[in-house]
Amino acid sequence: MAAVDFLVAVDSYPNPDDKIRSTSFQVQGGGNAGNALTCAARLGLSPRIISKVADDSQGKAILEELEADGVDTSFMVVSEGGHSTFSYDIVDSQAKTRTCIYTPGYPPMIPEDLSKSNLSSALDDVRFVYFDGVLQETELLSALVVAREAHRRNIPIVVDAESKRERVDDLLNLATYVVCSARFPQVWTEAPSIPAALVSVLLKLPNIKFVIVTLGEDGCMMLERAEAEDLQSEEIDVDELFQKMKQSIDTDATSATSISSDIAKLHAKGIGTVSGKLLLGTAEKIPPSELVDTTGAGDAFIGAVLYALCANMPPERMLPFASQVAAIGCRALGARAGLPQLTDPRLKPFLLNDPQNVATLL
């Protein structure tokens with residue numbers, strides 16, 4: 001999804017029939033994929049986007065802003081007539097919440113919008129393919145066309161899973177990596193806890209290497225599958241492991257950090273066992289005076305994960321790096337205004353030990 005966001009900040013969220021005055025207003029690009037790839041571009045990658053806009057003023061603004069940030073829009077579909085996707089976002093400056101009223105674009109993308117030659121060109125020399133999970137039915141069918149071709153070429157696939165939808169399962173079955181919202185794992189698996197749900201996700205999707213769940217101010221959790229099962233490793237209850245690891249987190253730390261378990265056989269009662277390791281990541285504690293807007297924080301996190309995968313960052317560093325990128329973005333109104341460049345000094349601690357120069361990734 002690539003969209004336009006109409007962002008308005010207010011002192012407090014209005015009651016029905018209230019008339020209030022805004023404290024600030026901005027119009028900027030939005031949409032999960034548009035935001036995540038903008039973040040990836042600012043971190044030094046060279047992303048391409050496949051999406052659809054209308055030939056209206058909003059569609060033109062969407063394309064211009066993506067191009068200005070270094071996102072290749074040459075594979076975007078532009079429809080004659082209709083309207084581009086847009087969202088009204090109300091940011092409550094006091095409660096630090098945001099409310100989104102989303103209007104999907106029309107006409108939606110359909111598989112016939114992307115020719116075989118364009119699809120082939122779009123996937124040339126690609127390291128990863130990323131899909132957001134907030135698509136209409138025909139858009140999901142279009143995404144599956146791209147995903148199946150990427151899978152045929154052995155290109156790793158990253159899927160952002162936000163909500164349980166029929167066609168999303170088809171996309172997840174082709175995934176290599178999954179990043180999901182806080183609610184998704186338990187809703188999708190019906191597991192009693194998030195750690196147990198992550199075990200269930202790895203069992204249901206035997207081809208994925210890891211699953212990450214973002215938890216807002218509570219940070220994130222990751223379950224990484226072991227490359228080879230150690231028959232001698234201990235079997236541990238994943239919920240008990242989670243509680244033990246949670247107690248070892250430094251609650252006084254203000255910067256993003258992560259801790260990792262050893263590789264073990266992680267068991268979820270009534271679900272099963274997988275061989276892997278559990279990681280917990282904390283979020284930066286942003287001073288209230290600096291926290292402006294959490295719109296797009298999850299998209300920024302995913303954009304940073306895409307960079308980290310390309311840079312071969314170990315998971316123990318990827319999680320706090322992605323959390324730091326998201327936290328920086330929360331210091332400005334909207335999903336994109338605060339997204340950092342790779343040269344941002346606040347990212348330096350996470351990049352000092354990179355095994356290769358980022359220029360080789362482009």
So CG of Asp69 and CD of Gln341: to nearest 0.5 Å the spacing works out to 7.5 Å
One should read off an interatomic distance between Ile101 CD1 and Ser87 OG, to the nearest 0.5 angstrom, of 7.5 Å
Side chain Asn312, main chain Ala308, donor-acceptor under 3.5 Å: no
One should read off an interatomic distance between Glu224 CD and Leu266 CG, to the nearest 0.5 angstrom, of 11.5 Å
Q: Could you check whether the rings of His83 and Phe86 sit parallel, tilted or perpendicular, using 30° and 60° as the cut-offs?
A: perpendicular
Is it the case that the side chains of Arg153 and Ser120 hold a donor-acceptor pair, with the cut-off being a distance below 3.5 Å and no angle test? yes
- Short side-chain to backbone donor-acceptor contact, Arg42 and Leu339, under 3.5 Å: yes
Handout entry: Verify same cluster id: Tyr177, Leu45 (apolar side-chain graph, 4.5 Å)
Key = yes
For His267 and Thr273 the tightest heavy-atom approach is ND1-OG1, 2.8 Å
Do the side chains of Leu144 and Leu123 join up, straight or via other hydrophobic residues, at under 4.5 Å, putting them in one cluster?
-> yes
Rounded to the nearest 0.5 angstrom, the CZ-OG distance for Arg331 and Ser289 is 9.0 Å
Output for pair (Ser193 OG, Ile271 CD1), nearest 0.5 Å, gives 7.0 Å
Check this for me, if you would: do Glu65 and Arg336 make a salt bridge, where the nitrogen-to-carboxylate-oxygen distance has to be below 4.0 angstrom? yes
Is there a path of hydrophobic side-chain contacts, each under 4.5 Å between heavy atoms, that joins Leu342 and Leu306?
yes
*Check the hydrophobic clustering (I, L, V, M, F, W, Y; side-chain heavy atoms under 4.5 Å; chains of links allowed) and say if Val126 and Ile50 are grouped together.*
yes
- Are Val213 and Leu198 close enough that some pair of their side-chain heavy atoms sits under 4.5 Å apart? yes
TODO: Report the C-alpha distance between Phe131 and Ile157 in whole Å, list the side-chain angles of each, state the deciding distance to 0.1 Å, and finish with yes or no for side chain to side chain contact (heavy atoms under 4.5 Å, CB included).
DONE: CA-CA 8 Å; Phe131 297 91; Ile157 294 171; 3.7 Å; yes
_When you measure from the side chain of Asn15 to the backbone of Asp18, do you find a donor-acceptor pair of N or O atoms at a distance under 3.5 Å?_
no
>> Quick one, Phe210 and Arg225 - any side-chain contact, counting heavy atoms below 4.5 Å?
In response: no
Note to self: Under a plain distance cut-off of 3.5 Å, with no hydrogens placed, do Asp132 and Asn32 share a side-chain donor-acceptor pair?
What the structure shows: no
Keeping Ser93 on the side-chain end and Val10 on the backbone end, is there a donor-acceptor pair under 3.5 Å? yes
dist Glu149:CD -> Leu114:CG (nearest 0.5 Å) comes out at 10.5 Å
Looking only at heavy atoms, the pair that brings Met76 and Ala2 closest together is CE-CB, 4.4 Å
key: Flag, side chain of Arg48 to backbone of Phe75, donor-acceptor distance under 3.5 Å   = no
Inset, instruction - Give the C-alpha distance, both sets of side-chain angles, the deciding distance and a yes or no for salt bridge (charged side-chain N to carboxylate O under 4.0 Å, His left out) between Lys52 and Asp113. - result: CA-CA 9 Å; Lys52 188 172 185 175; Asp113 282 332; 3.0 Å; yes
Next item on the list: Could you walk me through whether Thr73 and Glu67 pass side chain to side chain donor-acceptor pair (under 3.5 Å), step by step?
Entry: CA-CA 7 Å; Thr73 65; Glu67 290 164 1; 2.5 Å; yes
- [ ] List the steps and the verdict of side chain to side chain contact (heavy atoms under 4.5 Å, CB included) for Val158 and Val129.
- [x] CA-CA 6 Å; Val158 183; Val129 179; over 6 Å; no
Review point. Under 3.5 Å, is there a donor-acceptor pair linking the side chains of Thr295 and Asp89?
Key: no
What do you reckon, is NZ of Lys285 surrounded by more than 12 foreign heavy atoms closer than 6.0 Å?
-> yes
Does Phe350 offer a backbone N or O that forms a donor-acceptor pair with the side chain of Arg317 under 3.5 Å? yes
Hydrophobic clustering (ILVMFWY, side-chain heavy atoms < 4.5 Å, transitive) - are Val71 and Phe128 grouped together?
yes
More than 12 heavy atoms of other residues, nucleotides or ligands under 6.0 Å from CD of Glu217: is that the case? no
Item to check | Ring centers of Tyr88, Tyr102 separated by less than 6.0 Å | outcome: no
Original post:
Would a distance-only check, ignoring hydrogens and angles, find a side-chain to backbone donor-acceptor pair under 3.5 Å from Gln186 to Pro192?
Top reply: yes
Going by atom types alone, do Gln324 and Glu284 pair a side-chain donor with an acceptor below 3.5 Å? yes
